[in-house]
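No hydrogens, no waters, no symmetry mates; every other heavy atom, side chains included, goes into these values.
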Amino acid sequence: MLVKNLPLKAFLFGIAAITFSACSTSKYAATNKVYKEKVKTFATDMRTMPPANQRIDSLSEAQQSFIGTVNFGIRKPNYVIIHHTAQNSLDQTIKTFTLTRTQVSSHYVVSRDGRVVQMLNDYLRANHAGIGRWGNDTDLNSSSIGIELDNNGNEPFSDAQINSLCALLGTLKKRHNIPTPNFIGHADIAPTRKPDPNNFPWKVLAKKGYGLWYDDVLMMPPVDFNAEVALRIIGYDIRNLGAAITAFKRHFVQTDITPKLTPADKLILYNLYFKYL
Ligand SMILES: [Zn+2]
């Protein structure tokens with residue numbers, strides 16, 4: 001028998017591992033069932049012909065019909081939005097995202113030790129962005145993948161966590177053909193509401209092709225340089241200009257996030273403005 005030839009220690013370890021994996025699976029069996037049921041509902045909606053609730057309001061039945069095309073695919077995400085959880089452990093975050101009453105979720109959670117937990121199919125919409133705006137996109141939940149980094153907001157991000165994040169970003173960039181500038185933070189799209197991810201190594205990510213960064217050598221902007229327009233072109237919602245400046249500085253300056261552009265900040269902004277044009 002195979003077991004007879006196994007050293008006792010390895011055998012016991014095997015039993016422990018099987019027990020552990022059974023436990024961790026059953027722990028989420030109920031919420032996984034809810035996930036499956038929800039997906040089933042969406043699949044049923046997709047199969048319905050003509051699609052339910054997609055009638056043109058102001059036209060009569062005689063004026064509209066449905067004939068299915070044979071050429072189509074599934075919509076893909078075009079942005080990645082990075083968050084910090086502001087929580088203390090991976091388990092705590094998973095718990096938050098498996099409780100109906102919280103109404104929040106993300107596609108992926110990356111733990112401090114580099115483990116990645118996927119919580120939603122890339123093609124489905126997570127509730128991670130909330131009210132926000134980037135350029136003229138006002139429904140970032142529909143157009144993005146949400147990634148939560150397990151971090152309380154006041155601690156450095158570990159190398160293991162950043163390494164796993166980069167592995168994930170590389171896969172997503174390739175899988176969905178996500179443009180380099182479209183790797184952004186929650187604070188970028190919701191400047192009046194959100195500070196995350198805080199003190200984040202955006203430059204490290206940009207060097208690997210996830211997000212943009214400014215050049216080492218910077219040129220003086222002309223006297224008529226319009227900082228407000230530059231922020232807007234990059235994507236910031238400038239309806240609250242102070243908040244937009246703070247969000248920009250949280251991402252690209254970091255040493256100071258006061259809602260005022262210093263001459264040094266303007267050099268950075270002027271350089272980035274051309275990259276986003
Ligand atoms: Zn967030």
Side-chain angles (χ1 to χ4, degrees), residues 75-83 128-147 165-166 168-170 172-277:
R75 292 174 197 257
K76 288 181 173 188
N78 202 233
Y79 289 90
V80 168
I81 294 174
I82 297 170
H83 306 253
H128 64 96
I131 296 167
R133 181 176 183 163
W134 190 248
N136 286 330
D137 189 335
T138 55
D139 185 10
L140 273 304
N141 274 335
S142 285
S143 56
S144 72
I145 297 269
I147 301 176
L165 171 67
C166 286
L168 172 60
L169 296 181
L172 293 174
K173 188 178 186 186
K174 208 168 141 195
R175 184 185 298 159
H176 303 305
N177 204 15
I178 296 172
T180 300
N182 291 3
F183 294 79
I184 50 179
H186 199 186
D188 292 315
I189 65 146
T192 56
R193 298 190 304 115
K194 295 290 176 180
D196 62 309
N198 196 29
N199 286 321
F200 186 68
W202 286 112
K203 188 179 179 182
V204 174
L205 260 67
K207 275 193 174 161
K208 294 175 190 284
Y210 315 124
L212 295 182
W213 197 252
Y214 56 89
D215 296 320
D216 291 337
V217 180
L218 299 171
M219 280 192 358
M220 282 282 282
V223 280
D224 61 347
F225 172 59
N226 188 327
E228 242 175 281
V229 170
L231 285 167
R232 181 80 184 103
I233 281 174
I234 290 173
Y236 288 98
D237 179 354
I238 56 165
R239 284 174 297 179
N240 181 329
L241 186 59
I245 291 172
T246 290
F248 168 78
K249 290 171 71 165
R250 194 187 293 282
H251 190 129
F252 294 104
V253 179
Q254 297 191 348
T255 48
D256 148 47
I257 54 164
T258 51
K260 232 182 137 53
L261 289 170
T262 65
D265 298 338
K266 280 186 187 164
L267 292 181
I268 295 171
L269 178 59
Y270 184 58
N271 183 266
L272 284 165
Y273 154 74
F274 283 104
K275 294 180 190 285
Y276 281 89
L277 268 178

A.B. asks: Using the rule given for side-chain contact (heavy atoms from CB on, under 4.5 Å), can you reason through L168 versus V80, listing the C-alpha separation, both sets of side-chain angles and the distance that settles it, and then say yes or no?
C.D. replies: CA-CA 11 Å; L168 172 60; V80 168; over 6 Å; no
A.B. asks: If you define the side chain from C-beta out and look only at heavy atoms, does anything of L169 sit under 4.5 Å from I147?
C.D. replies: yes
A.B. asks: First locate atom OH of Y214, then atom NZ of K203, and finally report the distance between them rounded to the nearest 0.5 Å.
C.D. replies: 6.0 Å
A.B. asks: Checking the side chain of N271 only, and the main-chain atoms of L218 only, is there a donor and an acceptor separated by less than 3.5 Å?
C.D. replies: no
A.B. asks: If you draw a 6.0 Å radius around NZ in K275, do more than 12 non-hydrogen atoms from other residues or ligands fall strictly inside?
C.D. replies: yes
A.B. asks: Could you walk me through whether K260 and I245 pass the side-chain contact (heavy atoms from CB on, under 4.5 Å) check?
C.D. replies: CA-CA 7 Å; K260 232 182 137 53; I245 291 172; 5.6 Å; no
A.B. asks: To the nearest 0.5 Å, tell me how far N78 CG sits from H176 NE2.
C.D. replies: 10.5 Å
A.B. asks: Between Y276 and L212, is a side-chain contact (heavy atoms from CB on, under 4.5 Å) present by the stated rule, with each step listed?
C.D. replies: CA-CA 9 Å; Y276 281 89; L212 295 182; 3.7 Å; yes
A.B. asks: Verify, without hydrogens or angle tests, whether H186 (side chain) and A129 (backbone) share a donor-acceptor contact under 3.5 angstrom.
C.D. replies: yes
A.B. asks: Checking T192 against N240: is there a side-chain donor and acceptor pair closer than 3.5 Å?
C.D. replies: no
A.B. asks: Ignoring hydrogens and angles, tell me if any N or O in the side chain of R193 forms a donor-acceptor pair with the backbone of I131 under 3.5 Å.
C.D. replies: yes
A.B. asks: With heavy-atom distances below 4.5 Å as the criterion, would you say the side chains of H128 and N141 are in contact?
C.D. replies: yes
A.B. asks: Do you know which two heavy atoms are closest between P191 and A243, and how far apart they sit?
C.D. replies: CB-O, 3.5 Å
A.B. asks: Do N177 and K76 come within less than 4.5 Å of each other through their side chains, counting heavy atoms only?
C.D. replies: no
A.B. asks: Check D196 with K194, please: is the shortest side-chain N to carboxylate O separation under 4.0 Å?
C.D. replies: no
A.B. asks: Has N226 got a side-chain atom pairing as donor or acceptor with E228's backbone, closer than 3.5 angstrom?
C.D. replies: yes
A.B. asks: Just so I know, are the side chains of T180 and K173 near enough to count as touching, which here means a heavy-atom distance under 4.5 Å?
C.D. replies: yes
A.B. asks: With a 4.5 Å limit on heavy-atom distance, are the side chains of F248 and L261 in contact?
C.D. replies: yes
A.B. asks: Going by heavy atoms in the side chains, are Y79 and I184 under 4.5 Å from each other?
C.D. replies: yes
A.B. asks: Verify whether the ring centers belonging to W213 and F252 lie closer than 6.0 Å.
C.D. replies: yes
A.B. asks: Is there a side-chain contact between L165 and Y210 (heavy atoms, below 4.5 Å)?
C.D. replies: no
A.B. asks: Check for a donor-acceptor pair, side chain of R133 on one end and backbone N or O of A190 on the other, with a separation under 3.5 Å.
C.D. replies: no
A.B. asks: Is there a side-chain contact between T262 and V253 in this structure, where contact means two heavy atoms from C-beta onward sitting under 4.5 Å apart?
C.D. replies: no
A.B. asks: Would you call the rings of H251 and W202 parallel, tilted or perpendicular, taking 30° and 60° as the class edges?
C.D. replies: parallel
A.B. asks: So, does D188 use its side chain to make a donor-acceptor pair with the main chain of G185 at under 3.5 Å?
C.D. replies: yes
A.B. asks: Could you go step by step and tell me if W134 and I234 meet the side-chain contact (heavy atoms from CB on, under 4.5 Å) rule?
C.D. replies: CA-CA 8 Å; W134 190 248; I234 290 173; 4.0 Å; yes
